[in-house]
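Here's the structure we're looking at; comments come further down.
Order of the sequence lines sets the chain letters (A, B, ...), proteins ahead of strands, with each chain counted from 1.
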Number of protein chains: 2
Amino acid sequence: MIVEVFGKVLRELRTERGISQEKLAEYCDLDRTYISLLERGQRQPTISTLFKIANALRIKPSDLVKNVERELPA
Amino acid sequence: MIVEVFGKVLRELRTERGISQEKLAEYCDLDRTYISLLERGQRQPTISTLFKIANALRIKPSDLVKNVERELPA
DNA sequence: TTTAGCCACGGACTATAGTCTGAAATTATT
DNA sequence: AATAATTTCAGACTATAGTCCGTGGCTAAA
């Protein structure tokens with residue numbers, strides 16, 4: 001559940017910014033294919049990875065999490 | 001860095017609530033020793049685990065993350 | 001001095017985060 | 001239609017999240 005929602009949020013934020021998975025991966029210092037896995041909900045990030053991604057997207061980590069919360073059943 | 005800060009924040013929130021690692025573990029459905037590892041900065045949670053812990057502490061996951069952000073160098 | 005609760009720590013383990021390489025499929029661009 | 005750019009998928013791998021079972025140390029209460 002959380003994993004899928006996180007992936008969806010990530011994809012939205014990335015495409016909004018008009019950057020490719022590969023570029024994002026480069027900014028985060030993560031693997032290209034791993035970003036793909038995340039977006040498809042096949043992997044979940046650790047908190048460190050979450051911070052890396054948020055920084056690369058120029059968003060506060062807590063706001064990234066807030067986006068996930070928002071789409072979850074109470 | 002993040003890992004240590006998360007551990008510190010977790011310990012503060014737990015002790016504030018006056019519950020033992022074992023009780024928290026039970027509420028989160030995680031292992032007793034794993035909570036200890038987290039607090040000592042020897043493990044870092046995945047996002048799902050982060051949500052579990054936040055729920056057990058009766059705090060919003062994004063607020064838990066905000067506590068970590070707050071203690072990090074800009 | 002014993003008992004009980006809490007925590008640190010170790011070791012050995014299973015599950016999964018995260019990497020790497022490359023090829024096939026899909027989606028723009030021209 | 002052809003080409004380029006982007007994403008998906010597969011497989012095999014290393015690193016680490018998370019479990020389980022116990023032991024020993026510490027502090028506080030009986």
ask   = With the sugar-phosphate defined as primed atoms, P, OP1 and OP2, and the base as all remaining atoms, what B/S/- string results for nucleotides 21-30 of chain C, 5' to 3', for protein heavy atoms under 4.0 Å?
value = BBB-------
key: Residue list, side chain to side chain contact (heavy atoms under 4.5 Å, CB included) with A/Arg14, at least two apart or on another chain   = A/Arg11, A/Ile19, A/Gln21, A/Leu24, A/Glu39
key: Pairs where residues 1-10 of chain B contributes a residue and the test salt bridge (charged side-chain N to carboxylate O under 4.0 Å, His left out) is met, not counting sequence neighbours   = B/Lys8-B/Glu71
note = Contacts of B/Ser20 meeting side-chain hydrogen bond (donor to acceptor under 3.5 Å, both in side chains) (sequence neighbours excluded), chain-then-number -> none
inquiry  = Under a plain distance cut-off of 3.5 Å, with no hydrogens placed, do A/Ser36 and A/Thr33 share a side-chain donor-acceptor pair?
reply    = no
query = To the nearest angstrom, how far is B/Leu24 atom CG from C/dC7 atom P?
reply = 10 Å
task = Return the value, rounded to whole Å, for the distance between atom CD of B/Glu26 and atom C1' of D/dT19.
result = 16 Å
Close N/O contacts between protein and nucleotides 15-17 of chain D (under 3.5 Å):
unit_1: D/dA17; atom_1: OP1; unit_2: B/Gln44; atom_2: NE2; d: 3.1
unit_1: D/dA17; atom_1: O5'; unit_2: B/Gln44; atom_2: O; d: 3.3

A/Glu69 versus B/Ser62, closest heavy-atom pair with distance = OE2-N, 2.6 Å
request  = Kindly write out the residues that satisfy side-chain hydrogen bond (donor to acceptor under 3.5 Å, both in side chains) with A/Thr15, not counting sequence neighbours, or none if the list is empty.
outcome  = none
query = Can you tell me how far C1' of C/dT19 sits from CD1 of A/Ile35, to the nearest Å?
reply = 12 Å
Which donor-acceptor pairs under 3.5 Å do the side chains of residues 50-60 of chain B make with protein atoms, sequence neighbours left out?
unit_1: B/Asn55; atom_1: ND2; unit_2: B/Phe51; atom_2: O; d: 3.1

key: A/Leu38 CG to D/dT8 C1', straight-line distance once rounded to whole Å   = 14 Å
request  = Mind checking salt bridge (Lys or Arg N to Asp or Glu O under 4.0 Å) for A/Asp31 and listing every partner two or more places apart, or none if nothing turns up?
outcome  = none
inquiry  = In whole Å, I'd like the distance from the CD atom of A/Glu39 to the P atom of D/dT7.
reply    = 7 Å
key: A/Ser36 vs D/dT7: side-chain N/O to OP1/OP2 distance below 4.0 Å   = no
ask   = What's the CG-C1' distance between B/Leu37 and D/dT19, to the nearest Å?
value = 10 Å
query = Listed by chain and number, what are the side-chain hydrogen bond (donor to acceptor under 3.5 Å, both in side chains) partners of A/Arg17, not counting sequence neighbours?
reply = none
request  = Scan for salt bridge (charged side-chain N to carboxylate O under 4.0 Å, His left out) pairs involving residues 21-30 of chain B, sequence neighbours excluded, and state none if there are none.
outcome  = B/Lys23-B/Glu26
message = In whole Å, I'd like the distance from the CZ atom of B/Arg40 to the C1' atom of C/dC9.
response = 6 Å
note = B/Arg32 meets the side-chain hydrogen bond (donor to acceptor under 3.5 Å, both in side chains) criterion, sequence neighbours left out, with none
remark   = So, with a heavy-atom separation below 4.0 Å from DNA chain C, the residues of residues 6-21 of chain B are B/Arg11, B/Arg14, B/Ser20, B/Gln21
